[in-house]
Amino acid sequence: MYKFTVPSTPIERIIKCRDIAKEYLNYVYVGNVSGIDNNTYCPNCGYLLVKRNGYNIDLSIKESKCPRCKKEINFVL
């Protein structure tokens, strides 16, 4: 990285890309950026499924389903 001279991508651009991706994909979040919402929510009811805090996660999925609406959650951690 010490030879890398391109500036970092602005957070605003990353958030805009995330919002566009959410129009087409169910489980989109921004990783490796602190201070913004990088959790995963149920695409059906909005329930918090995966809470991320640094390298720690709290998982709310039970039997590959949302605990609130029972929609099948199809992703691998």
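Just so you know, these numbers come straight off a predicted model, no measurement behind them.
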- Note on the structure: Applying side chain to side chain donor-acceptor pair (under 3.5 Å) to Asn39 and not counting sequence neighbours gives Asp37
- Not counting sequence neighbours, which residues clear ring pair (Phe, Tyr, Trp, His ring centres under 6.0 Å) with Tyr29? List them please. none
- Item | With Val30 via side-chain contact (heavy atoms from CB on, under 4.5 Å) - residues at least two apart | Ile14, Arg18, Val33, Ile36
- What heavy-atom pair brings Pro43 and Tyr27 nearest, and what distance separates the two atoms? CD-CE2, 3.6 Å
Exercise answer: donor-acceptor pairs, residues 47-74 side-chain atoms, under 3.5 Å, sequence neighbours excluded:
| unit_1 | atom_1 | unit_2 | atom_2 | d |
| --- | --- | --- | --- | --- |
| Arg52 | NH1 | Asn38 | O | 3.0 |
| Arg52 | NH1 | Thr40 | OG1 | 2.7 |
| Arg52 | NH2 | Thr40 | OG1 | 3.1 |
| Arg68 | NH1 | Cys45 | O | 3.4 |
| Lys70 | NZ | Pro67 | O | 3.0 |

